[in-house]
Amino acid sequence: MNAQDIIQLEKQYVLQTYVRPDFVLERGEGVWLYDTEGRKYLDACSGIAVNALGYNHPAIVEAISQAADGLIHVSNLYHTAPQALLARDLCQASFADRVFFANSGAEANEGALKFARKWARVNGHSDKTHIVAFTGSFHGRTMGALAVTATEKYRRPFEPLIGDVSFAEFNNLESARQTITRRTCAVIVEPVQGEGGVTPATPEFLAGLRAICDEAGALLIFDEVQCGLGRTGTLWAHQGYGVTPDIMTLAKPLAGGLPMGAILLTQHVADAITPGDHASTFGAGPLVCTVARAVFNQINRPEFLADLRARGDYLAQKLHALAEQSPLITGVRGKGFMWGLVSTLPALEVVAEARKHGLIILIAGEKVVRLLPPLVMSRDEIDILIDRLTRTLDALSG
Ligand SMILES: *Cc1c(COP(=O)(O)O)cnc(C)c1O
């Protein structure tokens with residue numbers, strides 16, 4: 001079957017919720033992707049922040065083949081070692097005391113919102129059901145996660161969503177102060193907004209939110225589904241801010257491309273949750289947990305994180321220089337290996353042109369070009385990325 005046949009089949013049989021370019025990806029190695037026609041692309045998308053270790057990483061390949069020999073799934077009715085070990089690893093490397101495992105980012109956020117509602121109820125506040133989210137937020141596509149996602153075009157066709165949610169302005173403490181009340185059980189925020197345009201929270205904003213939540217008796221939830229696990233140069237994005245949440249949600253890079261989400265919580269919140277409150281059939285099976293541990297062991301090493309920060313600084317410097325000389329780029333935002341380039345052209349046009357130059361990037365809203373390179377991208381590969389981006393912008397402005 002050639003590429004056109006495959007594309008035709010998809011167009012006929014797959015529900016058309018995605019708009020895809022006309023090539024078919026077949027294999028990958030490191031930071032490189034190859035299509036069925038043998039074309040080679042530098043990947044600065046990582047399957048939307050999922051493939052943190054790039055493609056065909058030996059640690060992941062080995063973990064999968066080892067785990068495939070054992071149990072793949074037994075359900076959460078039974079104990080298994082990989083789940084226990086992964087939960088320990090995540091807690092020992094974070095503020096959290098407990099973990100609940102899910103299968104995606106949206107699912108992790110759904111669970112976090114449920115836990116917050118239960119926590120308020122158990123602590124004697126029957127009317128403390130209000131949830132606060134922010135403009136520019138993205139927390140997922142299921143009904144609860146969508147209710148805290150700001151984008152009108154994602155929400156409108158599916159209303160009514162779950163109720164008692166308000167939006168405050170991101171990076172505006174005065175707006176947050178006016179929106180969060182004694183009735184608020186949770187405030188959910190991305191320390192670095194991804195989908196909404198790659199906008200880092202300011203340090204004052206996150207610190208201020210922590211104080212307002214403490215005063216109102218509300219839980220602070222950090223959605224680190226995209227920005228967590230090394231992406232911003234620290235293991236958790238909030239470590240770069242010195243602000244600690246009560247709950248953190250994770251997903252994208254967690255299991256090296258296998259589906260996994262996680263909700264990390266403090267004991268205070270965990271105390272409100274009892275058997276039967278929440279569950280997942282697939283969550284944290286032995287195979288996915290073995291792979292997640294392999295990924296975690298690669299990223300959670302001081303040498304790896306220090307080198308990642310240095311390479312992130314290198315990338316930042318190159319991107320700022322690029323923006324300086326290109327009239328099409330009017331702003332550069334981000335941290336570590338998570339960047340947004342504010343473009344005068346529709347971001348989709350830049351992404352399409354980049355493909356012609358052998359570069360895979362993505363968008364974050366209409367006018368922001370998003371870069372999420374695998375965390376293993378070397379300096380030499382960053383040079384290639386910058387070169388291809390430069391040629392892309394030159395072609396568009398020429
Ligand atoms: C992608 C994303 C989600 C949703 O994750 P899914 O696995 O697609 O459900 C939630 N929050 C953030 C910040 C994300 O980037």
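All values below were derived from every heavy atom in this structure, side-chain atoms included, with hydrogens, water molecules and symmetry-related copies excluded. Remember, it's 1-based here, ligands and their atoms both numbered in the order they're listed.
- Atoms of ligand 1 lying under 4.0 Å from at least one heavy atom of Ser104, given by number and element, are 7 (O), 9 (O).
- Donor-acceptor pairing under 3.5 Å is recorded for the side chains of His130 and Thr184.
- Below 4.0 Å from some heavy atom of Ala106 lie the following atoms of ligand 1, by number and element: 4 (C), 5 (O), 6 (P), 9 (O).
- Atom numbering of ligand 1 starts at 1 in the shown order; those under 4.0 Å from a heavy atom of Glu190 are 13 (C).
- Scanning the protein heavy atoms around atom 5 (O) of ligand 1, the nearest turns out to be Gly105 CA, 3.3 Å.
- Within the 4.0 Å heavy-atom cutoff, His139 counts among the residues contacting ligand 1.
- Considering both main-chain and side-chain atoms, Phe138 comes within under 3.5 Å of ligand 1 through a nitrogen or oxygen pair.
- Protein heavy atom at the shortest distance from atom 11 (N) of ligand 1 is Asp223 OD2, 2.7 Å.
- Distances below 4.0 Å separate heavy atoms of Gln226 from the following atoms of ligand 1: 15 (O).
- In this structure, Trp236 and Phe296 have parallel ring planes: the angle between them is below the 30° cut-off, well short of the 60° mark.
- Side-chain contact check for Thr129 and Arg183: at least one donor-acceptor pair (N or O, by modelled atom type) lies under 3.5 Å.
- Atoms of ligand 1 lying under 4.0 Å from at least one heavy atom of Asn109, given by number and element, are 10 (C), 11 (N).
- A salt bridge does not link Asp383 to Arg379: none of the charged side-chain nitrogens sits closer than 4.0 Å to a carboxylate oxygen.
- Between Asp313 and Arg309 there is no salt bridge, since no side-chain nitrogen of the basic residue lies less than 4.0 Å from a carboxylate oxygen of the acidic one.
- A side-chain donor from one of Gln267 and Asp271 sits under 3.5 Å from a side-chain acceptor of the other.
- Ranking the protein heavy atoms by distance from atom 2 (C) of ligand 1 puts Lys252 NZ, 2.5 Å first.
- Taking the six-membered ring where tryptophan is involved, the planes of Tyr41 and Phe23 are essentially parallel, since the angle between them stays under 30° and well short of 60°.
- With no hydrogens or angles considered, a side-chain donor-acceptor pair links Glu353 and His357 at under 3.5 Å.
- Neither the backbone nor the side chain of Ala251 comes within contact range of ligand 1; no heavy atom lies under 4.0 Å.
- Of the protein's heavy atoms, none falls inside 4.0 Å of atom 8 (O) of ligand 1.
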